[in-house]
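This is a predicted model, so every value here is computed, not measured. Whatever order the structure lists them in is the order used to number ligands and atoms, beginning at 1.
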Amino acid sequence: MGVSGCGKSTVGALLADALGCSFHEGDEFHPPANVRKMQAGIPLTDEDRWPWLECLAAIVQRQLASGQPVVLSCSALKPEYRSVLRCGRRDGGCGSDGGCGVAFVLLEPPAAALEARLAQRAAAGSHFMPASLLASQLGTLRYDPAELYLHFAEEAALQPPGDTFGSIVRPAAM
Ligand SMILES: Nc1ncnc2c1ncn2[C@@H]1O[C@H](COP(=O)(O)OP(=O)(O)OP(=O)(O)O)[C@@H](O)[C@H]1O
Ligand SMILES: O=C(O)[C@H](O)[C@@H](O)[C@H](O)[C@H](O)CO
């Protein structure tokens, strides 16, 4: 989880490979109207995000019910969004080890690095998300550290993606 450009797709795909499980890129499940809005530089509202989050939560629950692990990349910027991903309810409130089988890893590189990544992507025309939405993404992100399984902040979120995923897998394997 984390704001646009934090590295969640890159690290998530590596993690899923290492775990031999499926990987879902949350952005691929946005309804077209959400993508058009972001492309136009308009931040999504809660109402825009709920159906998308519920769809992602259904994927997670299906995988868990089948006993299969799954890795999902999703911005999940607010506690109530993560509650939906954990248990389908907005007020779920189970913590990092709350027994729901869902753990969040937050990648939080410095804002300057995020700006550079998004500018590079925009110049390459390789992503729908404009760099102008970064301020809104950063302003929307809210978390209580106790709620997170792992948090890679500042320099720790700038290490090569392979090192980040290695640090996720090691504690998970213990
Ligand atoms: N640890 C890292 N060091 C350097 N560059 C990175 C790192 N992680 C990701 N990147 C690069 O940053 C850019 C954004 O990464 P990525 O697409 O994984 O982010 P994201 O959080 O999934 O973004 P979005 O949600 O906007 O799709 C990519 O160009 C990726 O190669
Ligand atoms: O909740 C949101 O505002 C969205 O999920 C965004 O975070 C983007 O989809 C994503 O990061 C693409 O760049």
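- E80 and R89 are not joined by a salt bridge, as no carboxylate oxygen comes within less than 4.0 angstrom of a charged side-chain nitrogen.
- For atom 14 (C) of ligand 1, a protein heavy-atom neighbour is found at a distance under 4.0 Å.
- Within ligand 2, the atoms closer than 4.0 Å to a non-hydrogen atom of H30 are 4 (C), 5 (O), 9 (O), numbered from 1 in the order shown.
- By the 30° and 60° cut-offs, the orientation of the rings of H151 relative to Y143 is perpendicular.
- Counting protein heavy atoms under 4.0 angstrom from atom 29 (O) of ligand 1 gives zero.
- Of the candidates R121, Q120, K8, M38, R121 brings a heavy atom nearest to atom 17 (O) of ligand 1.
- Ligand 1 has no atom lying under 4.0 Å from any heavy atom of M129.
- The closest protein non-hydrogen atom to atom 6 (C) of ligand 2 is Q137 NE2, 3.6 Å.
- Contact between S73 and ligand 1 is absent, with no heavy atom of the residue lying under 4.0 Å from the ligand.
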Original post:
Hey, mind stepping through S73 and E25 against side-chain hydrogen bond (donor to acceptor under 3.5 Å, both in side chains) and telling me if it holds?
Top reply: CA-CA 5 Å; S73 74; E25 159 61 77; 3.2 Å; yes
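- Among all non-hydrogen protein atoms, the one lying nearest atom 10 (C) of ligand 2 is D27 OD1, 3.3 Å.
- Counting all heavy atoms, side chain and backbone alike, T140 lies closest to K78 at CG2-CE, 3.5 Å.
- Ligand 1 lies less than 4.0 angstrom from a heavy atom belonging to G5.
- Using a 4.0 Å cut-off between heavy atoms, H127 contacts ligand 1 through its side chain alone, with no backbone atom that close.
- Of the N or O atoms in W52, none lie within a sub-3.5 Å distance of an N or O in ligand 2.
- In terms of heavy atoms, A113 sits closest to L158 at CB-CD2, 3.6 Å.
- For atom 5 (O) of ligand 2, the closest heavy atom belonging to the protein is S75 OG, 2.8 Å.
- Close contacts between ligand 1 and D27 involve ligand atoms 24 (P), 25 (O), 27 (O) [criterion: under 4.0 Å to a heavy atom].
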